[in-house]
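Below you'll find the structure, written out as structure tokens, and then a few comments.
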2 protein chains.
Amino acid sequence: MNHAKPSPVGRRRPRQSDIARAAGVSQATVSLVLRGTPEGMALAKSTRQSVLNAAEELGYVPDPVATRLAAATNGMLGLYTFSTTFPTEVAHSYYPILVGVEEEATAQGQDLILFTGSARAASRADDPAAVRRVRVADGCLFFGRHVPEGPIRRLTEDGFPFVYIGRRDEPGVPYVGADYVSASAEVVGRLAAAGHHHLRYLREHDQAPASVDREEGVLRGARAAGLDTSAMVVRTDGHDLDAHLRSWREEGVTAVVVEQTDTGAALAALGAAVERAGLRCPDDLSLALLGAPTGTRGTAPGGGAVYSGFDVPMREMGRDAVRLLLELISGAPEPPTRRLLPCEPVAGGTIAAPTATGPNTRKA
Amino acid sequence: MNHAKPSPVGRRRPRQSDIARAAGVSQATVSLVLRGTPEGMALAKSTRQSVLNAAEELGYVPDPVATRLAAATNGMLGLYTFSTTFPTEVAHSYYPILVGVEEEATAQGQDLILFTGSARAASRADDPAAVRRVRVADGCLFFGRHVPEGPIRRLTEDGFPFVYIGRRDEPGVPYVGADYVSASAEVVGRLAAAGHHHLRYLREHDQAPASVDREEGVLRGARAAGLDTSAMVVRTDGHDLDAHLRSWREEGVTAVVVEQTDTGAALAALGAAVERAGLRCPDDLSLALLGAPTGTRGTAPGGGAVYSGFDVPMREMGRDAVRLLLELISGAPEPPTRRLLPCEPVAGGTIAAPTATGPNTRKA
DNA sequence: TCAAGGACCTAATACGTATTAGTGAAACTC
DNA sequence: GAGTTTCACTAATACGTATTAGGTCCTTGA
């Protein structure tokens with residue numbers, strides 16, 4: 001199809017060679033004028049000027065694709081998610097990340113490539129090509145709970161600049177995450193201070209860092225408050241909550257802590273179960289939510305109360321990730337390249353002192 | 001920097017020439033096998049197989065940049081706005097467009113380039129390079145109230161596929177817009193049917209198609225209902241509304257129609273003026289809003305009532321625009337390439353029959 | 001046996017820019 | 001005035017893939 005265009009030269013968009021002809025210099029000179037000369041190389045002012053004039057005259061604009069192929073940069077950052085859906089939906093808890101990334105990219109004059117199509121392809125077949133695609137950009141941001149290690153490792157090996165949004169275990173992978181550990185510990189501390197000594201922590205089955213960190217924080221906070229942590233952590237997919245709730249009540253549990261997931265399913269399931277059990281929150285049971293994105297915090301069952309817990313600064317994570325990525329691209333990252341942002345405690349209305357009625361009074 | 005890599009061949013990502021060497025064929029053959037042969041060209045099964053094997057072995061993945069440079073497509077669609085801010089903010093009324101575009105792009109396996117950075121650059125200096133940049137993609141979507149004609153015309157001349165989201169006057173420009181004319185006429189008809197015979201239509205000063213169409217619809221609806229349209233249209237920047245409101249009341253105006261703008265400023269200004277004037281809506285004054293994006297409709301001053309009027313199917317416009325763009329890229333657009341989508345009437349709670357109290361009763 | 005035709009593949013080139021090695025000329029050095 | 005610098009620029013090549021115009025060799029048919 002290339003050769004199908006005999007290119008009526010007047011109608012073609014101008015390239016450097018056109019400028020070169022018009023200014024009576026070589027294409028290389030045009031590139032040097034337009035792109036800037038390397039250290040210590042001189043160009044006559046007159047030459048520079050006539051090239052600039054010709055470029056202006058012809059309405060020249062560099063072709064970003066060619067620019068990129070010739071190993072320069074193209075001012076584009078990629079954004080790739082391993083979730084099946086891209087978080088353009090407002091309801092999606094990852095959405096603030098997108099907002100933050102976009103804000104900072106705009107501020108930095110970078111365009112953004114949303115790898116939505118290839119992400120989808122990758123989810124159907126486990127196609128490494130999909131991830132490899134991000135190389136059109138100068139660098140790429142990744143996020144999502146679950147990450148295929150292979151493609152990422154490959155990018156690392158190739159020296160392709162990227163930043164993960166969320167903490168990662170793999171050594172050497174730059175990331176911007178949230179300090180779930182401290183924040184979770186603080187929440188548990190708050191519960192303990194309110195008088196709760198028997199609590200449960202509800203988490204998902206998988207081993208995503210976001211879950212691991214929250215559990216660690218919960219346990220750390222519990223131990224710091226002198227609580228018994230032996231039966232504290234409960235893994236659930238949300239289907240057995242009614243039974244759980246019943247037994248916890250009998251065991252004297254007065255507070256439940258839940259982790260926020262990207263869909264918010266765990267919390268929703270718990271809320272529903274609490275309502276079914278006819279429990280009032282926080283009167284009969286205190287609840288705490290570990291990490292909703294700022295501003296998307298839901299309200300507790302039965303009342304208009306906002307969930308107590310902490311907020312995750314997703315938007316700021318997005319912004320910071322863009323900054324870090326640009327530093328990596330420019331080759332001089334300001335350390336650290338693995339960053340954890342503090343989370344904002346939220347007082348909310350779902351934590352209260354345990355009441356003296358019902359099984360809650362039982363001590364043991 | 002290109003030549004700085006003596007390429008320790010093991011560590012470089014494989015290209016077609018590597019496969020060629022491994023399979024004992026030429027690079028061209030590799031391309032033919034991988035990309036598919038043109039009509040009527042044959043390849044030995046054994047050759048094909050060994051190329052495929054080698055490709056698999058080496059973990060080959062085509063370089064999207066080179067692919068694009070070689071004049072093929074790259075599965076990327078651009079999204080460019082002429083607004084100064086990209087509508088990632090939920091509050092932004094254009095936001096649903098972004099959602100729609102993203103949805104459909106994902107569904108069609110296309111990646112999305114948000115030209116946020118270059119858009120910003122363009123707003124600072126009127127840089128044609130910024131728009132030209134969209135050519136990295138196979139095609140591009142544009143939107144925004146105000147459009148520099150030059151760059152767009154240039155793209156048309158170059159035969160670059162693009163679709164405008166919103167109606168355009170320029171002949172030949174493909175677009176997906178909303179049928180503001182019919183929808184606006186319907187709203188005025190509704191007001192007339194409720195007994196309003198003196199109304200005002202508030203619009204902005206500029207001549208964006210979105211405003212022009214609404215005005216045409218308002219006038220058409222008014223004439224169909226036999227209303228006097230002579231003083232109906234009022235252009236305002238929102239600063240003189242208090243005075244306007246007062247005189248309208250004296251003239252017996254019982255209803256005001258406002259157009260929705262991307263920021264919602266006009267509506268907000270009117271709402272504030274109505275409150276300052278101590279008027280109740282719809283008791284003292286009926287209000288109608290022409291075209292908020294679905295689901296973002298605000299509530300009227302003083303009460304929880306939703307504005308009456310119509311909704312703009314922005315999300316669907318986004319989706320349809322992606323479809324149209326893909327048709328254009330494939331070269332066989334299903335006509336028409338200029339499309340208007342119907343708007344959804346919204347009953348709302350800000351239209352009521354004019355009351356018999358106050359100046360409203362005056363007939364003339 | 002020779003030409004015609006087909007099957008299968010390769011050489012060459014294009015896409016548009018970036019970069020480096022090098023060239024010719026002028027200016028300077030001693 | 002031969003050697004050295006400096007200046008100002010160009011030739012050549014690389015980036016990785018797509019495409020087309022042939023080129024070989026092998027069958028066929030007459």
Side-chain angles (χ1 to χ4, degrees), chain A residues 1-7 12-21 23-51 55 58 60-75 129 132-133 135-136 158, chain B residues 1-7 12-21 23-51 55 58 60-75 129 132-133 135-136 158:
Chain A
M1 197 161 289
N2 277 340
H3 308 245
K5 284 190 243 163
S7 292
R12 212 193 39 198
R13 66 199 184 119
R15 19 183 136 162
Q16 290 188 348
S17 57
D18 297 323
I19 300 179
R21 206 171 316 114
V25 296
S26 72
Q27 174 268 322
T29 303
V30 174
S31 175
L32 289 173
V33 170
L34 265 28
R35 195 105 217 296
T37 59
E39 195 70 24
M41 181 181 245
L43 276 181
K45 282 208 182 80
S46 59
T47 306
R48 182 182 302 276
Q49 202 40 251
S50 59
V51 166
L58 296 173
Y60 171 79
V61 158
D63 179 335
V65 179
T67 305
R68 179 61 180 165
L69 180 60
T73 61
N74 60 8
R132 185 65 72 85
R133 240 177 109 66
R135 305 188 66 116
V136 236
D158 289 353
Chain B
M1 199 160 289
N2 279 340
H3 308 246
K5 283 188 243 163
S7 294
R12 211 192 40 195
R13 68 200 185 117
R15 21 180 140 174
Q16 290 188 346
S17 56
D18 297 324
I19 300 179
R21 205 171 319 113
V25 297
S26 73
Q27 175 267 323
T29 304
V30 174
S31 175
L32 290 173
V33 169
L34 264 29
R35 195 105 216 296
T37 59
E39 195 70 24
M41 182 180 244
L43 277 180
K45 282 208 182 80
S46 59
T47 305
R48 182 183 303 277
Q49 202 39 252
S50 61
V51 166
L58 296 174
Y60 171 79
V61 158
D63 180 334
V65 181
T67 305
R68 176 63 180 163
L69 181 59
T73 61
N74 61 5
R132 186 62 72 81
R133 236 178 111 66
R135 305 190 67 116
V136 236
D158 289 354

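Labels below follow one simple rule: chain letters A, B, ... track the order of the sequence lines, proteins then strands, and each chain is numbered from 1.
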Applying side chain to side chain contact (heavy atoms under 4.5 Å, CB included) to A:Ala66 and not counting sequence neighbours gives A:Asp63, B:Leu69
Counting primed atoms, P, OP1 and OP2 as sugar-phosphate and everything else as base, the B/S/- map of nucleotides 4-11 of chain D against protein heavy atoms under 4.0 Å is ----BBBB
B:Arg68 CZ to D:dT19 P, in whole Å, measures 13 Å
Residues at least two apart in sequence or cross-chain that pass side-chain hydrogen bond (donor to acceptor under 3.5 Å, both in side chains) with A:Thr37, listed by chain then number, are none
Between the CZ atom in A:Arg48 and the OG1 atom in A:Thr29, the distance rounded to the nearest 0.5 Å is 11.0 Å
By side chain to side chain contact (heavy atoms under 4.5 Å, CB included), A:Ala28 pairs with (sequence neighbours left out) A:Ser26
In short, the helix from C:dT1-D:dA30 to C:dC30-D:dG1 is bent end to end, axes from five pairs each side, to 10°, by 60°
Interatomic distance, CG@A:Leu58 vs CZ@A:Arg21, rounded to 0.5 Å, equals 9.5 Å
Query - Phosphate contact (C:dC15 OP1 or OP2) by A:Arg15 side-chain N/O below 4.0 Å - result: yes
When rounded to whole Å, the CG to C1' distance for the pair A:Leu34 and C:dG16 reads 13 Å
A:Leu69 atom CG is separated from C:dA14 atom P, nearest whole Å, by 16 Å
Of all heavy-atom pairs linking B:Val51 and B:Val25, the shortest is CG2-CG2, 3.9 Å
Atom CZ of A:Arg35 and atom P of C:dA18 are separated, to the nearest Å, by 5 Å
A:Arg21 atom CZ is separated from C:dG16 atom C1', nearest whole Å, by 13 Å
Can you find a pair of side-chain heavy atoms, one from B:Leu34 and one from B:Ile19, that are under 4.5 Å apart?
-> yes
Correct closest heavy-atom pair for A:Ala23 and A:Ser50 would be CB-O, 4.0 Å
